Amino acid sequence: MIVEPKVREFICTTAHPTGCYENVKRQIAYVKDKGTIEGPKRVLVIGASTGYGLASRITAAFACQASTIGVMFEKPSNGKRTATPGWYNTVAFEKEAEKNGLYAKSINGDAFSLEVKEKVIEMIKEDLGQVDMVIYSLAAPRRTTADGTVWASSLKTTGEAFTEKSLDLRNNTIVTKTVEPAKDGELEGTIKVMGGEDWMDWMDTLHGAGVLSENAVTVAYSYIGPKLTYPIYYDGTIGQAKRHLTKTAEKINEKYSDIKAYISVNKALVTQASAAIPIVPLYFAILYKVMKVQGTHEGCIEQISRLFHEKLFVEKPVTDEQGRIRMDDWELSDEVQDKVMECWKNVTTENVAELSDIDGYWQDFYQMFGFHLDGVDYAKDVDLEVAIPSLE
Ligand code: NAD
């Protein structure tokens, strides 16, 4: 079948298998080019199929030569509909790992469930014995807890309604958007889904099963962003969940002397999760422009490669006074933010193409689904139903 992108606002409902493969190959080439790291040899990545988690799995495998187990929640193709991009990315990752003699297995299921946690433990016991590192990179809209309650994550303020400029992704115009305050239960739901409770569950369960090596490292990803987006992000429902995640790192460190837990605060990047946040895409497009001009722009793979090489697997991990690793150091520098704020004030529908990197935003967006990659023949028939080798 010939696959074309079908975009509806911030989501693309198709994915291109060859394009996703090319995307993974490019990330692997980047990591290989950066050289090897004395790092973990057995790594579990929770949320391993797209965005930051995929970049983490690639870096662990191709820079540290690590065996990896990846957990994700993706849909295979049904023959008519394409699979989700994370499915095709995982096909590519496993095939490339195999070519390089690296162990890679994946589990496709709900990471919040006990069943998936038990499957992972069984796999670790059988194949690896233990793991040295656990990366927690979930971005999910919902979580069902053990008692059957379904919790939903929302992107709302926790105070007043917040009105700001926004990019209408349907036609690239500048509009005004209002984000409403959270209603009853929405803050609690967001903390349940995107806070640290499930990360703690994972660490308790893995530790209890004896599958963590002595001095295992665990990292979860967070975001803070500029003051401009505080009302909807850092001080909003999602920010409260991220604060809970940060507290969880402290809790893990207090509870287990043989585990070292870190929060890595990463840069704002276009991923399936972040494209859905209102107001933020315009900030991204302006940020991309400013950072590209300054030569400091990074994507997920550049961020995670720098995390491993320069901040985490060094003699003493580089953290801020609160113990967090700051991969948003370049994004939040005065040099970048002053320029971003100036553009933000002046941006209109007429000058958005000039003041922001709207093309770069859309390029990243399409590439996430395997489209708009040079060297891929999109006129060629592709097999939609490619299988993930370890799930066959
Ligand atoms: P993403 O949407 O690209 O990736 C989410 C991953 O989670 C995928 O592998 C998906 O399959 C998996 N997943 C979702 N629900 C699942 C479930 N129930 N069970 C198993 N797997 C599930 O998102 P991302 O942007 O890479 O986000 C990853 C983390 O990084 C999040 O915590 C996010 O807040 C954080 N972060 C993102 C940004 C950004 O700008 N994108 C910046 C800083 C931090």
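Each ligand, and each atom within it, is numbered from 1 in the order the structure gives. We count residues from 1, following the sequence as given. Everything numeric in this text was worked out from a predicted model, so none of it was measured.
Salt bridge D235/K227: absent, no basic N to carboxylate O contact under 4.0 Å. A salt bridge is defined here as a Lys NZ or Arg NE, NH1 or NH2 lying under 4.0 Å from an Asp or Glu carboxylate O, and E342 with K339 meets this definition.
For G109, the heavy-atom gap to ligand 1 drops under 4.0 angstrom.
Note: an N/O pair closer than 3.5 Å links L269 and ligand 1 by distance alone. Between F112 and ligand 1, no N or O atom pair is found at a separation short of 3.5 Å. By the 3.5 Å distance cut-off applied to N or O atoms, Y52 is counted among the residues near ligand 1. Checked by distance only, ligand 1 and G53 stay at 3.5 Å or farther apart across all their nitrogen or oxygen atoms.
Closest to atom 31 (C) of ligand 1, if we only count protein heavy atoms, is L138 O, 3.4 Å. Scanning the protein heavy atoms around atom 43 (C) of ligand 1, the nearest turns out to be S222 O, 3.1 Å. Closest protein heavy atom to atom 18 (N) of ligand 1: D110 OD1, 3.0 Å. Distance from atom 17 (C) of ligand 1 to its nearest protein heavy atom, with residue and atom name: F73 CB, 3.6 Å. T50 OG1, 3.0 Å is the protein heavy atom nearest to atom 4 (O) of ligand 1.
Among residue pairs with one or both ends in residues 112-122, those qualifying as side-chain hydrogen bond (donor to acceptor under 3.5 Å, both in side chains) are K117-D198; sequence neighbours excluded.
The two residues S154 and E186 come nearest to each other via the heavy atoms OG-CB, 3.5 Å.
For T14 (side chain) and E4 (main-chain N/O), a donor-acceptor pair under 3.5 Å exists by modelled atom type. Checked by atom type and distance alone, the side chain of N89 pairs as donor or acceptor with a backbone atom of S49 at under 3.5 Å.
The residue from G86, A139, P141, S264 that puts a heavy atom closest to atom 14 (C) of ligand 1 is A139. Nearest residue to atom 15 (N) of ligand 1 from A140, C300, S137 is A140 (criterion: closest heavy atom).
Residues passing the side-chain hydrogen bond (donor to acceptor under 3.5 Å, both in side chains) test with Y366: none are found, sequence neighbours excluded.
Side chains of E96 and Y21: a donor-acceptor N/O pair is present below 3.5 angstrom, by distance only.
For T271, every heavy-atom contact with ligand 1 shorter than 4.0 Å involves the side chain, none the backbone.
Remark: of the listed residues K292, H297, K289, K292 is the sole one forming a side-chain hydrogen bond (donor to acceptor under 3.5 Å, both in side chains) with D357.
Within ligand 1, counting atoms from 1 as listed, the ones closer than 4.0 Å to a heavy atom of K242 are 31 (C), 32 (O), 33 (C), 34 (O). If you number the atoms of ligand 1 from 1 as listed, the ones under 4.0 Å from a heavy atom of S49 come out as 8 (C), 9 (O), 10 (C), 11 (O).
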